[in-house]
Number of protein chains: 2
Amino acid sequence: MGRIIENLNLSEQVTNELGRAIVAGEYSCESGLPTEAQLCEEYGISRTAVREAVKMLAAKGLISSRPRQGISVEQPSNWNLYDTSVLKWLLSSSPSLYVLKEFLQMRLAIEPEAAALAAEFGRDEDIDQIGKAVEAMKAAANDPSGSMHDADLAFHTSILFASGNRFFSHLRDFISTALNVSIQHTTPAKANDLAVADDHAKIYTAIRNRQPERARNLMKYLIDEAKTFIELEIKKQG
Amino acid sequence: MGRIIENLNLSEQVTNELGRAIVAGEYSCESGLPTEAQLCEEYGISRTAVREAVKMLAAKGLISSRPRQGISVEQPSNWNLYDTSVLKWLLSSSPSLYVLKEFLQMRLAIEPEAAALAAEFGRDEDIDQIGKAVEAMKAAANDPSGSMHDADLAFHTSILFASGNRFFSHLRDFISTALNVSIQHTTPAKANDLAVADDHAKIYTAIRNRQPERARNLMKYLIDEAKTFIELEIKKQG
DNA sequence: GGCAATTTGTACGTATGTATA
DNA sequence: GTATACATACGTACAAATTGC
């Protein structure tokens with residue numbers, strides 16, 4: 001599939017392993033982590049690599065280390081959930097439907113407002129990008145290849161970007177990471193692809209026509225449908 | 001003033017210095033950073049300390065390092081703005097009024113929705129905490145000591161927490177950090193302290209009475225006033 | 001106050017990868 | 001292409017600081 005070789009150095013690999021394990025709960029908040037020396041032995045690497053990994057995880061708020069006390073896991077409320085790695089570890093480990101619901105509540109706050117800002121202040125060339133994404137979605141709806149996902153993602157990120165607000169546009173990684181996981185659950189009824197693409201197109205039109213309130217409401221509707229779907233799934237399983 | 005001694009180890013100090021310098025634009029995206037060896041000399045520390053600092057900054061998305069190429073500054077769009085340190089560096093360096101406006105646009109998306117979620121799903125004991133913050137604000141309005149700020153902050157964070165959604169409640173550090181800076185600009189007309197406390201109390205009442213729509217609208221009103229104030233300041237200076 | 005355990009900080013050596021001549 | 005130089009990547013070893021007993 002021409003997948004690009006993971007270009008991670010040693011400390012980043014260890015960071016990934018430990019980060020995943022911490023988020024998955026393999027190291028509790030009280031028990032703490034093994035000592036540096038033990039980690040060296042466990043992974044068969046030097047202290048330098050372990051220490052760099054520890055520093056990276058500390059920078060993401062997952063752990064803290066003090067002399068004599070060792071390496072301790074921080075409370076989950078201190079974890080930086082808006083770090084792409086942390087979010088990825090979280091979504092790949094925990095019972096995902098509940099996290100997805102929280103995630104959709106978040107999107108319901110962010111994206112309608114971003115759409116409104118894009119309609120009000122967005123630069124024309126940034127709005128063009130939204131249009132391109134819509135066209136790609138329409139094309140993907142007729143095309144059996146699985147390019148719908150990419151186009152969908154491009155649509156949402158281009159709106160965040162068009163908001164002209166760096167706090168919104170930075171959430172593109174947050175949205176993307178979580179969207180990649182949510183795909184697994186929202187087993188799309190392939191039949192409505194055209195209808196879905198049309199819903200997206202309406203939002204684009206509202207932004208293009210500089211109708212903030214309309215863009216906000218249409219986006220609210222779009223995400224609320226996804227949220228309702230997840231809530232139904234939870235009810236089925238629960 | 002009994003200020004607690006900064007308990008930062010060496011690599012964290014260097015991280016702070018370099019992080020601030022990068023965000024302030026002292027190292028551009030093209031020019032890159034000095035080599036490890038040069039940084040060692042500049043700060044009079046070992047390479048290990050420098051490397052750990054580099055890893056922490058890389059974990060926050062500010063830089064990346066590759067052999068032969070050296071340490072390069074990442075594009076600002078890749079910086080993790082929701083990292084408390086990064087946000088602090090950003091707010092302390094750049095022309096803050098514009099950043100504050102973007103920040104308030106963000107709060108306008110988040111906090112009304114959080115208030116609605118708190119009203120709909122919030123646990124009673126979490127809502128009690130909002131009430132306590134309101135009482136503290138009322139007390140501070142009559143008290144000349146500067147405890148209003150702390151109470152204000154407690155109010156907003158307690159609502160985020162009461163939302164029961166980890167993505168919202170994690171933004172408490174984001175809100176707090178930025179609120180600390182915004183205080184410098186919003187030179188409060190001390191006379192309306194009571195009126196302000198009353199606006200906050202209304203939101204609490206709506207949440208307590210389980211009125212999501214009302215809580216959402218009141219919060220929207222509260223933050224929109226602050227945003228209007230900042231926009232006026234920008235117009236004055238511009 | 002002394003002792004032991006553990007992280008913190010330093011020093012230096014080798015390996016690897018990557019631009020440039 | 002090949003070689004070379006240079007910067008980071010990785011490893012080992014040891015001294016210092018901190019903290020619990």
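Naming convention: chains lettered A, B, ... in sequence-line order (proteins, then strands); numbering from 1 in each chain.
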Original post:
Under a 4.0 Å N-O cut-off, is there an ion pair linking B:Lys55 with A:Glu12?
Top reply: no
Original post:
Separation of A:Arg51 atom CZ from D:dT12 atom C1', in whole Å?
Top reply: 13 Å
Subject >> Integer-rounded Å distance: C:dT7 C1' and A:Glu52 CD >> reply: 16 Å
Original post:
Of the non-hydrogen atoms in A:Gln105 and B:Glu113, which two are nearest, and what is the gap between them?
Top reply: O-CG, 4.5 Å
Original post:
Which residues satisfy the salt bridge (charged side-chain N to carboxylate O under 4.0 Å, His left out) test with A:Glu42, sequence neighbours excluded?
Top reply: none
Original post:
Within the structure shown, what part of the strands sits under 4.0 Å from B:Glu36 by heavy-atom distance: base, sugar-phosphate, or nothing?
Top reply: sugar-phosphate
**OP:** Taking the side chain as every heavy atom from C-beta outward, state whether B:Ile223 and B:Met219 have any pair of such atoms under 4.5 Å apart.
**Re:** yes
Original post:
Closest approach of B:Ala140 and B:Ser147, non-hydrogen atoms and distance?
Top reply: CB-OG, 3.5 Å
Original post:
Quick one, which residues of residues 42-50 of chain B touch DNA chain D with a heavy atom under 4.0 Å?
Top reply: B:Arg47
Review item, nucleotides 17-21 of chain C N/O atoms under 3.5 Å of protein N/O:
none

**OP:** Sort out for me which residue in B:Phe168, B:Tyr82, B:Trp79, B:Phe174 forms a ring pair (Phe, Tyr, Trp, His ring centres under 6.0 Å) with A:Tyr82.
**Re:** B:Tyr82
Subject >> Atom-pair distance (CG on B:Leu33; C1' on D:dA7), nearest Å >> reply: 14 Å
Subject >> Closest to side chain of B:Asn9, choosing from C:dG9, D:dA9, D:dT8 >> reply: C:dG9
**OP:** Measure from the side chain of B:Ile71, starting at C-beta and using heavy atoms only, and say which of D:dA9, D:dT8, C:dT7 lies closest.
**Re:** D:dT8
Subject >> Geometric cation-pi criterion B:Lys101 and A:Phe121, 6.0 Å radius, 45° cone >> reply: yes
Subject >> Below 4.0 Å: OP1/OP2 of D:dA9 and any side-chain N or O of B:Ser65 >> reply: yes
Original post:
At their closest point, which heavy atom of B:Glu102 faces which heavy atom of A:Gly164, and how far apart are they?
Top reply: OE1-O, 4.2 Å
**OP:** For A:Leu10 and D:dT8, give me the distance from atom CG to atom C1', rounded to whole Å.
**Re:** 14 Å
**OP:** Tell me, with the steps shown, if A:Trp89 and A:Leu62 meet side chain to side chain contact (heavy atoms under 4.5 Å, CB included).
**Re:** CA-CA 12 Å; A:Trp89 297 329; A:Leu62 264 65; 4.0 Å; yes
Subject >> Identity of whatever pairs with D:dG1 - Watson-Crick or G-U, under 3.5 angstrom >> reply: none
